[in-house]
Amino acid sequence: MKTSFNDQLDITRRDLMKGGMGAASLAAVSAGAAVPAAVTAASVAVTANAAQAQQHAASATVTQPATGIVMSPDYARTVAQMAYVWGWPMVNMINRRAAITQAPEPGHLNGVLPAAPRGQIAMLNDYIEPSETFVTCPNQDVVYGLGFFALDEEPVVIQVPDFGDRFWVYALYDARTDQFGHLGKPYGSKPRFYLLAGPRWSGLKPDGITDVLRSPTSLANAIPRVFQDDTPEDRKAIQEVINQVVAYPLKDFDGEMKTIEWAKVPDIPGPASSGEETKWVVPDKFFDQFGEVLDTVDPLPGEEALYGQFRLLLDAASKDPELKKVLVATAVETEDKVIQPFFQWKHNGRPAGNGWNRSTNNAQFGVDYFNRTGTAKSNMFDNRPNETQYFYTDHDGAGGELSGSGGYAITFPAGQEPPVNGFWSLTLYNDKHLFHANDLKRYSLGTKNKNLKRNSDGSLTLYAGAKSPGGDKENNWLPAPDGKFSLYIRAYWGKEAILDGSWQPPAIEVAQ
């Protein structure tokens with residue numbers, strides 16, 4: 001009997017809850033300031049051969065951890081906590097890939113999320129729906145795509161149509177959630193075909209391929225983002241171009257631009273949403289999957305010592321059931337005490353002024369474990385700082401917690417909206433970092449909107465709260481839930497004032 005996609009997703013979830021990824025599933029999927037820190041993904045990414053050479057040199061000159069030792073529970077607990085923080089984003093990626101690539105063909109999971117088999121992508125044909133819970137902090141400024149790959153075994157061709165003046169960027173992520181390659185309007189990328197390949201793929205660039213973009217890890221994914229105005233006319237105009245945003249294994253490349261009418265792909269039944277993001281990292285089963293991370297993701301320069309300690313930890317726990325219980329208990333405690341606080345924006349990035357924080361080293365984290373894991377927990381799959389800068393807060397300018405029971409005004413003085421080459425927006429999220437469904441079906445305001453009302457002095461005031469501000473202010477209103485919520489500014493392709501931190505978001509004022 002053929003297993004449905006819905007059944008397979010349920011199987012995946014049961015595997016996660018009772019014992020990590022099943023062996024068969026793993027085999028199938030495996031065959032602040034915006035000025036970045038000195039260490040970035042680009043500067044630390046190394047080829048497999050270079051990484052192996054470094055490891056061999058290190059092992060010849062530096063004593064490695066001794067196996068066969070009797071590890072005390074307190075020592076295990078200390079190493080396990082760091083392992084959990086360090087490995088959380090990568091276990092997260094493994095489980096997202098396993099679920100999404102079960103799609104039998106490119107389509108829309110539950111009608112709202114792009115899903116495709118490994119080596120392909122799917123695109124939406126409009127803004128993402130508020131019922132989406134695959135990832136937190138989605139936006140309704142772009143049309144999204146999504147696909148996961150195994151780029152050593154199966155390089156992927158991704159098509160770039162002629163987007164004209166429309167903003168677009170293909171965010172390409174490795175297993176660490178760092179971006180690789182540069183593909184989008186900010187880079188002047190040309191229409192045609194690009195090849196995504198892994199660190200161990202040894203083929204040659206085929207005729208007709210514009211460029212080869214190398215991922216530092218075999219596991220990778222792509223999230224195309226294509227800007228769309230909030231008008232019926234642009235929803236119609238965008239269809240022809242996004243229908244050419246297609247990816248497929250290299251073996252299917254024939255030099256001809258392929259087209260998929262994304263508005264007509266099938267809806268793929270999946271599990272019902274719980275109203276919050278899918279739990280992609282299960283603390284009880286984290287250390288059952290952690291070894292796969294160590295085996296498939298090469299260490300960055302300087303991480304060899306971490307890998308040595310982590311492997312020693314797994315080795316000791318594999319021989320001592322009581323020590324394995326210590327690892328599980330540590331994972332549960334670390335999830336609660338260290339990971340969960342990242343969901344509060346004050347613990348993400350760095351202060352940006354007026355009560356806001358801003359993203360730091362996004363999608364080029366390198367060895368910035370704090371910001372990588374914080375982002376993976378709160379708003380996974382950011383763009384690079386030069387592509388997008390994010391500003392976020394749970395509080396008003398006076399430090400009060402944002403609540404739908406109040407009303408708030410966010411005023412951008414004339415000429416002081418986020419300075420961008422692309423677009424900007426203000427989005428409202430509920431306490432789960434997801435959209436708050438509302439009768440206006442309105443979740444963000446900004447460049448895409450053509451009917452915003454300006455003040456007489458040219459300034460722009462946007463409103464947030466559960467109650468409409470009334471009259472002509474309603475066009476500028478973001479409906480909020482009755483309880484807690486957060487606000488989030490995106491500045492796509494920011495100008496220098498965004499990049500150097502001199503532009504600050506306005507203070508959020510309690511509306512009178």
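Counting from 1, the numbers follow the sequence of the chain as shown. Values below: every heavy atom of this structure, side chains too, minus hydrogens, waters and symmetry copies.
Remark: the Asn455 side chain and the Ser459 side chain contain an N/O donor-acceptor pair separated by less than 3.5 Å. Side chains of Gln389 and Ser359: a donor-acceptor N/O pair is present below 3.5 angstrom, by distance only. Between the side chains of Gln228 and Asp126, at least one donor N or O sits under 3.5 Å from an acceptor N or O. With 3.5 Å as the limit, one finds no donor-acceptor pair spanning the side chains of Asn139 and Tyr443. Judged purely by distance below 3.5 Å, without hydrogens or angles, the side chains of Glu335 and Trp88 pair a donor atom with an acceptor atom. There is a side-chain donor-acceptor pair under 3.5 Å between Asp368 and Asn361. Trp262 and Gln239 share no side-chain donor-acceptor pair at under 3.5 Å.
Partners of Gln81 according to the side chain to side chain donor-acceptor pair (under 3.5 Å) rule, which considers only residues two or more places apart in sequence or in another chain, do not exist here. Partners of Glu401 under the side chain to side chain donor-acceptor pair (under 3.5 Å) rule, at least two apart in sequence or in another chain, do not exist in this structure. Partners of Glu277 by salt bridge (charged side-chain N to carboxylate O under 4.0 Å, His left out), not counting sequence neighbours, listed by chain and number: Arg96. Under the ring pair (Phe, Tyr, Trp, His ring centres under 6.0 Å) criterion, Phe391 pairs with Trp503, sequence neighbours left out.
Here salt bridge (Lys or Arg N to Asp or Glu O under 4.0 Å) pairs that include residues 382-391, with residues two or more places apart or in two chains, are Arg384-Glu387. Counting only residues at least two apart or on different chains, no salt bridge (Lys or Arg N to Asp or Glu O under 4.0 Å) pair has a member in residues 141-151.
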Criterion salt bridge (Lys or Arg N to Asp or Glu O under 4.0 Å) on Glu417 and Arg454, from CA distance to verdict: CA-CA 12 Å; Glu417 292 161 32; Arg454 293 187 175 275; 2.6 Å; yes
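Side-chain N or O atoms of Glu132 include none that pairs as donor or acceptor with a backbone N or O of Val112 at under 3.5 Å. Counting only distance, with no hydrogens or angles, the side chain of Ser189 and the backbone of Gly184 share a donor-acceptor pair below 3.5 Å.
Asp234 CG to Asp229 CG: the interatomic distance, rounded to the nearest 0.5 Å, is 4.5 Å. Atom OG of Ser444 and atom CG of Asp230 lie 7.5 Å apart (nearest 0.5 Å). A distance of 9.5 Å separates CH2 in Trp168 from NZ in Lys185, rounded to the nearest 0.5 Å. Here Phe343 contributes atom CZ and Thr136 contributes atom OG1; the two are 5.5 Å apart, rounded to the nearest 0.5 Å. To the nearest 0.5 angstrom, Arg358 atom CZ is 14.0 Å from Asn348 atom CG.
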